[in-house]
Amino acid sequence: MIRVGINGYGTIGKRIADAVRAQPDMEVCGVGKVRPDYVAVNADEAGYPLYVIDGEYADQFREAAIDVAGTVDELVAESDVVIDATPAGIGAENRPLYERHDTPALFQGGEDATVAEVSFNSRANFEEAADADYARVVSCNTTGLSRLVAPLSETVGIEKVRATLVRRGGDPDQTSRGPINDVLPDPVSIPSHHGPDVQTVFPELAVETIGLTVPTTMMHVHAVNVTLESEPDDEAEIRDLLAAEDRIVLVPGYAGIDGTGALKDMALDAGRPRGDIWENAVWEESITLSGRDLYCLQAIHQESDVVPENVDAVRALTGHLSADESRALTNEVLGIGFERFQTRRGTAVDRTAAD
Ligand code: NAD
């Protein structure tokens with residue numbers, strides 16, 4: 001069993017903790033938390049040992065009748081691998097702590113790429129993390145773009161990617177984020193920083209991105225144009241290529257999923273924990289070819305698409321399983337794939353005719 005400590009138990013950290021705990025080859029030694037808020041109460045209820053980041057707050061935890069297992073320093077000492085899911089920028093400050101204990105660590109996409117030797121995406125470069133002590137699991141947007149780019153670059157080849165990222169203003173618990181009633185060019189300068197971040201995974205890729213931020217907490221939506229190196233036979237070739245990807249779901253036209261609200265509703269109805277959508281959701285009808293130019297629209301659930309990537313990254317760092325083995329196990333345990341769409345593809349019975 002790989003003992004995993006999770007330092008920072010917020011939007012990403014709490015999801016990672018649940019995903020790690022579900023794996024047959026991993027256990028959660030504990031989670032690092034700053035304050036005894038509702039998230040800490042739920043962590044306690046879920047049975048995660050809580051380690052305080054700052055001893056000053058330990059008494060407040062006790063006053064709230066939340067047991068404190070120790071300090072984050074102790075959590076790091078007990079862990080085989082630490083997953084740092086603290087707010088952007090804090091992870092880099094924490095790296096000396098992990099080095100002091102000689103504990104391999106994963107950082108998140110809010111950190112600068114220089115925080116670790118490798119910027120990790122399980123589909124694209126699992127093996128590159130094999131000899132690393134530190135890796136950065138790239139951001140939700142970069143994960144989403146990497147999953148799309150990988151199969152296209154391996155088969156038809158990519159001349160250039162252009163993507164407009166329509167980003168959610170904040171996560172559901174982030175009351176201070178916005179805009180409330182606006183559409184922001186964000187950043188206003190073009191290209192945005194997202195393209196260079198994708199290049200931390202695909203150094204040779206020509207990619208340019210534009211960012212906007214809109215008043216929703218649901219998901220990001222990417223409008224993507226890929227100029228391919230060769231012209232596919234037809235759109236079906238691209239659809240089949242993407243449908244074969246384990247962490248891409250093609251949203252069929254008949255499903256009536258006309259936006260991110262319906263996607264989230266679908267996920268909640270399907271009983272997904274927290275309504276999470278770990279896969280890229282590519283609208284099947286948006287896949288369009290014009291010569292060598294491919295267009296599509298995909299939705300990315302910012303709170304959860306990096307979660308299976310973190311699970312795989314633990315195995316990559318420890319050299320415990322191969323990329324294919326790890327991905328298959330993670331997918332199976334978490335229930336990734338939205339099978340209900342895949343199994344219905346082309347198998348529907350015409351009941352009107354039968355009756
Ligand atoms: P968050 O604010 O929801 O959670 C961070 C947690 O870390 C909180 O529990 C906070 O109390 C705790 N924390 C605060 N200061 C700390 C410290 N000094 N040491 C340890 N813990 C501390 O943040 P998040 O949205 O989960 O983001 C975490 C990381 O994941 C960031 O790098 C972010 O960029 C990245 N990320 C976020 C999203 C997203 O949409 N939320 C998506 C992908 C990647």
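Computation of the quantities below employed the complete heavy-atom set of this structure, encompassing side-chain atoms and omitting hydrogens, waters and symmetry-equivalent molecules. Both counts, for ligands and for their atoms, begin at 1 and track the order of listing.
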Note: [X]-[Y] ion pair, threshold 4.0 Å (strictly below):
{"X": "D133", "Y": "R95", "answer": "no"}
{"X": "E159", "Y": "R292", "answer": "yes"}
{"X": "E303", "Y": "R15", "answer": "yes"}
{"X": "K14", "Y": "E45", "answer": "no"}
{"X": "R147", "Y": "E309", "answer": "yes"}
{"X": "D112", "Y": "R136", "answer": "no"}

When you look for protein heavy atoms under 4.0 Å from ligand 1, which residues do they belong to?
->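 For ligand 1, the contacting residues are N7, G8, Y9, G10, T11, I12, K33, V34, I53, A85, T86, P87, A88, I90, Q108, G110, C140, R168, D171, Q302.
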